[in-house]
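What follows is one structure encoded as structure tokens, with my remarks underneath.
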Amino acid sequence: PVHHYQNMKKHDYLKEKKEKYSHLLEEKEKADPADIKNLHDLAITHLQKQDYRTAFSYFRKIYDLDQELLEPYFGMGLIWAKRGDYPRAIKFFLTALNKKTARSVELSIPIEQVRETILYNLGLCFLKVGKRKQAMQIFTDMIRLNSRFTPQIQQKLQQLGVHGMRSAG
């Protein structure tokens with residue numbers, strides 16, 4: 001029927017877009033194996049596709065090339081968290097936060113923003129393993145410092161029955 005034409009057109013467009021995307025991914029995978037930015041893009045892409053094994057291998061390659069970057073620790077920690085291994089995720093997040101680096105894979109993203117994201121995920125993992133006090137300390141500090149995660153933190157705290165925490169400004 002004629003009224004299904006738009007759906008068919010949309011389906012063809014999505015199929016074409018997916019094929020192009022798949023081709024680009026193949027090209028990236030053939031690129032320089034020491035290109036950290038490229039490896040990071042591949043790791044994130046596979047993480048988003050929930051292909052955790054492949055994503056982990058790319059984060060590991062980044063780690064092997066530069067152990068001072070935070071992103072490989074963060075990425076591997078995220079994968080462990082998504083798999084439900086929160087204690088292992090916590091170890092990776094804490095290792096990342098203890099790094100003294102000022103560099104980030106994504107030059108457009110300030111290192112403070114990377115640290116903030118790691119800290120937020122650390123707090124969530126602490127909640128998952130029953131370490132509420134540690135999670136609350138992290139979340140309280142983040143709200144006090146006007147974190148960009150403040151709305152998510154406040155929502156999570158409301159779910160836990162904690163009300164009235166506000167940012168400083």
Side-chain angles (χ1 to χ4, degrees), residues 21 25 28-29 33 35-169:
Y21 184 70
L25 186 59
K28 275 193 166 286
E29 288 175 338
D35 182 342
I36 289 177
K37 170 72 172 92
N38 189 55
L39 292 171
H40 187 255
D41 290 346
L42 288 165
I44 297 299
T45 299
H46 286 284
L47 183 64
Q48 290 171 339
K49 290 171 46 177
Q50 298 180 350
D51 180 359
Y52 300 137
R53 184 178 303 256
T54 305
F56 196 92
S57 73
Y58 281 115
F59 282 121
R60 179 64 198 208
K61 288 176 185 179
I62 297 168
Y63 167 84
D64 290 341
L65 291 169
D66 189 341
Q67 295 178 9
E68 291 306 308
L69 290 170
L70 303 182
E71 288 89 346
Y73 298 96
F74 176 50
M76 291 186 277
L78 265 181
I79 291 168
W80 288 120
K82 288 180 179 293
R83 288 181 168 172
D85 191 339
Y86 302 109
R88 191 173 277 171
I90 289 168
K91 286 179 186 175
F92 276 91
F93 294 151
L94 289 173
T95 300
L97 290 171
N98 286 326
K99 292 284 174 188
K100 303 297 183 218
T101 189
R103 294 180 298 114
S104 174
V105 171
E106 296 286 342
L107 299 177
S108 63
I109 299 175
I111 195 70
E112 295 79 20
Q113 202 170 340
V114 176
R115 289 185 188 283
E116 179 185 27
T117 304
I118 295 169
L119 199 56
Y120 174 69
N121 282 278
L122 176 62
L124 293 176
C125 285
F126 276 146
L127 283 178
K128 293 285 189 179
V129 297
K131 294 187 175 183
R132 187 177 169 137
K133 184 177 180 182
Q134 289 95 324
M136 292 299 293
Q137 185 62 54
I138 288 170
F139 292 152
T140 301
D141 289 346
M142 289 182 80
I143 289 172
R144 185 176 49 78
L145 296 170
N146 295 319
S147 168
R148 64 192 165 97
F149 291 104
T150 295
Q152 294 95 318
I153 293 169
Q154 289 173 330
Q155 183 179 16
K156 178 59 81 177
L157 294 176
Q158 283 182 333
Q159 292 170 358
L160 296 170
V162 178
H163 301 284
M165 294 188 73
R166 301 208 185 284
S167 56

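Only heavy atoms go into these numbers, but all of them, side chains included; no hydrogens, no water, no symmetry mates. This structure is a prediction, so every number in the text was calculated from the model and none was measured.
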Practice task
Quick one: do Leu127 and Leu160 satisfy side-chain contact (heavy atoms from CB on, under 4.5 Å)? Show the steps, please.
Solution key: CA-CA 10 Å; Leu127 283 178; Leu160 296 170; 3.7 Å; yes
Problem - Taking every non-hydrogen atom, the tightest pair across Gly123 and Phe139 - result: C-CZ, 3.5 Å
Exercise for the section: For the pair Glu71 (side chain) and His40 (backbone), establish whether a donor and an acceptor sit closer than 3.5 Å, ignoring hydrogens and angles. Expected result: no
Handout entry: Closest non-hydrogen atom pair, Phe74 against Ala96
Key = N-CB, 4.5 Å
Practice task
Might you point out which heavy atoms bring Ser147 and Glu116 nearest each other, and give the distance in Å?
Solution key: OG-OE2, 2.6 Å
Practice task
To the nearest 0.5 Å, tell me how far Tyr120 OH sits from Cys125 SG.
Solution key: 11.0 Å
Exercise for the section: To the nearest 0.5 angstrom, please state how far the CG atom of Leu119 sits from the CG atom of Leu124. Expected result: 10.0 Å
Completion exercise
dist Ile90:CD1 -> Thr95:OG1 (nearest 0.5 Å) comes out at 11.5 Å
Handout entry: pair Ile118-Tyr73: side-chain heavy atoms closer than 4.5 Å
Key = no
Practice task
Inspect the surroundings of NZ in Lys99 and state if more than 12 heavy atoms from other residues, nucleotides or ligands are less than 6.0 Å away.
Solution key: yes
Problem - Sidechain N-carboxylate O distance under 4.0 Å for Asp64, Lys61 - result: no
Fill in the blank from the handout: Taken to the nearest 0.5 Å, the spacing of Lys37 NZ from Leu42 CG works out to 10.0 Å
Problem - Within-4.5 Å side-chain heavy-atom neighbours: Gln113 and Arg148 - result: yes
Handout entry: Full working for side-chain contact (heavy atoms from CB on, under 4.5 Å) between Lys91 and Trp80
Key = CA-CA 10 Å; Lys91 286 179 186 175; Trp80 288 120; over 6 Å; no
Completion exercise
What one should report as the nearest heavy-atom pair of Ser104 and Ile111 is CB-CD1, 4.0 Å
Exercise for the section: Output yes when a side-chain donor or acceptor of Arg115 lies under 3.5 Å from a complementary backbone atom of Leu70, and no otherwise. Expected result: no
Fill in the blank from the handout: What one should report as the nearest heavy-atom pair of Met136 and Leu157 is SD-CD2, 3.4 Å
Handout entry: Side-chain donor/acceptor of Thr150 to backbone N/O of Asn146, under 3.5 Å
Key = no
Practice task
Measure the spacing between CD1 of Ile36 and CZ of Arg103 and express it to the nearest 0.5 Å.
Solution key: 7.5 Å
Exercise for the section: Using modelled atom types only, decide if a donor and an acceptor are shared between the side chain of Asn121 and the backbone of Thr117 within a distance under 3.5 Å. Expected result: yes
Practice task
Anything under 30° is parallel, anything over 60° is perpendicular, the rest tilted; go ahead and classify Phe56 against Phe92.
Solution key: perpendicular
Problem - Flag side-chain contact, heavy atom, 4.5 Å: Gln137 against Phe126 - result: no
Exercise for the section: Nearest 0.5 Å please: distance from the CD1 atom of Ile138 over to the CG atom of Leu122. Expected result: 4.0 Å
Fill in the blank from the handout: Given the options Phe59, Tyr52, Tyr58, His46 meets ring pair (Phe, Tyr, Trp, His ring centres under 6.0 Å) only with Tyr58
